[in-house]
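Notes follow once the structure below has been shown.
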There are 2 protein chains.
Amino acid sequence: MTIALPLLTEDGTACCGTVAGGALESEQAERIARVFKALGDPTRVKLLSLIGGSDTGEMCICDLTDPVGLAQPTVSHHMKQLVEAGLATREQRGKWAYFRVVDGALQNAARTLLPE
Amino acid sequence: MTIALPLLTEDGTACCGTVAGGALESEQAERIARVFKALGDPTRVKLLSLIGGSDTGEMCICDLTDPVGLAQPTVSHHMKQLVEAGLATREQRGKWAYFRVVDGALQNAARTLLPE
DNA sequence: TCGATACATCGACAGATGTCAATACGACTG
DNA sequence: CAGTCGTATTGACATCTGTCGATGTATCGA
């Protein structure tokens, strides 16, 4: 199964820019910043760690509201941010929406901070 | 219950041992988010890549305003954010303020995203 | 000493962000 | 079908953020 890599561009040449690898084009900087912006909120960091640390690897909103101590709409809002950043996926099963951490997404984000 | 949470494990100190309470989790989540918040702006990502990719490894504000296309106070503001996040250092030499990327800071940030 | 240069800070502003209550929507259940 | 449950959306609000012009501060050169 192939997963979209939010940090990588489609064109082969200017692909894979890293923060540590020299001057970045604006487009690459924006792409990189978009992911880290999603990681720039303590609630979202906690949400990702909760989901990724769960035994099944997936959690629904109702299981997340209590640990983070925020209202349901707020948690829903944060999860939407994470999904749009390519860090989480949403799957509806019955009444529940199950969220997972996208496999490899955090590794890809980390890679943009390391020297090439 | 103690879970190995890649995002919440401290690199050196007080790692994942006795205190896996919620309060400590929040504190670590905040510390992690603070760094990524600084990386969550395309201008700051570009600034870091410019400085880190320069031949001397350091640049002054006057050399940074043109590449990012923003006014001097704005660049100064962004560099302050990066310094406060621990990602850059500032050194005054004569009229100029030279900024460097903190050695190992990006690697440490990356490590908080990787599995233990 | 005077002017120029490099930078930080201030004040202001528009826009983004995090939060919640209220509400709407969809799916199950009786 | 009616009601309940889990989520998403909306609207509202306070706060934060990015940006710039104007101004203050320190340093250097003439």
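A, B, ... follow the sequence lines: proteins, then strands. Residue 1 opens every chain. Below, all heavy atoms of this structure are taken into account, side chains as well, without hydrogens, waters or symmetry copies.
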Closest listed nucleotide, where the reference is the side chain of B/Cys62 and the choices are C/dG18, C/dA6, D/dT7: C/dA6
Sugar-phosphate, base or nothing in reach of A/Phe99, heavy atoms under 4.0 Å: sugar-phosphate
For B/Arg34, all residues meeting side-chain hydrogen bond (donor to acceptor under 3.5 Å, both in side chains), sequence neighbours excluded: none
Closest-nucleotide 5' rank along DNA chain C - winner of A/Gln81 and B/Arg90: B/Arg90
Rounded interatomic separation in angstrom, taking CE from A/Met59 and C1' from D/dT7: 16 Å
Selection residues 35-48 of chain B - residue pairs positive for salt bridge (Lys or Arg N to Asp or Glu O under 4.0 Å), sequence neighbours left out: none
Gap between atom CG of A/Leu113 and atom CG of B/Asn108 - 0.5 Å precision: 10.5 Å
Salt bridge (Lys or Arg N to Asp or Glu O under 4.0 Å) partners of A/Glu30, counting only residues at least two apart: none
Length of the NZ-C1' vector between B/Lys37 and D/dC16, whole Å: 7 Å
Those residues that, when tested against B/Glu84, pass salt bridge (Lys or Arg N to Asp or Glu O under 4.0 Å) (two or more places apart): none
Nucleotide C/dG18, atom C1' - distance to CD of B/Glu30 in whole Å: 14 Å
Non-neighbouring partners of A/Pro67 that pass side-chain contact (heavy atoms from CB on, under 4.5 Å), sequence neighbours left out: A/Leu50
Residues touching DNA chain C, which here means a heavy atom under 4.0 Å, drawn from residues 44-57 of chain B: none
Nucleotide C/dG18, atom P - distance to CG of A/Leu39 in whole Å: 12 Å
Rounded distance (Å) that lies between atom P of D/dC16 and atom CZ of B/Arg34: 14 Å
With B/Arg100 via salt bridge (Lys or Arg N to Asp or Glu O under 4.0 Å) - residues at least two apart: B/Glu58
Whole-Å gap separating C1' (C/dC7) and CD (B/Glu91): 15 Å
Interatomic distance, B/Glu58 CD vs C/dC7 P [rounded to whole Å]: 12 Å
From CA spacing to verdict: side-chain contact (heavy atoms from CB on, under 4.5 Å), A/Leu64, A/His78: CA-CA 11 Å; A/Leu64 291 168; A/His78 282 305; over 6 Å; no
Spacing of B/Leu82 atom CG relative to D/dG18 atom P, expressed in whole Å: 10 Å
Protein-to-nucleotide contact annotation, 5' to 3' order, nucleotides 19-30 of chain D [B base; S sugar-phosphate only; - none; under 4.0 Å, heavy atom]: BBBB----BS--
Pairs satisfying salt bridge (Lys or Arg N to Asp or Glu O under 4.0 Å), at least one member in residues 64-75 of chain B, at least two apart: none
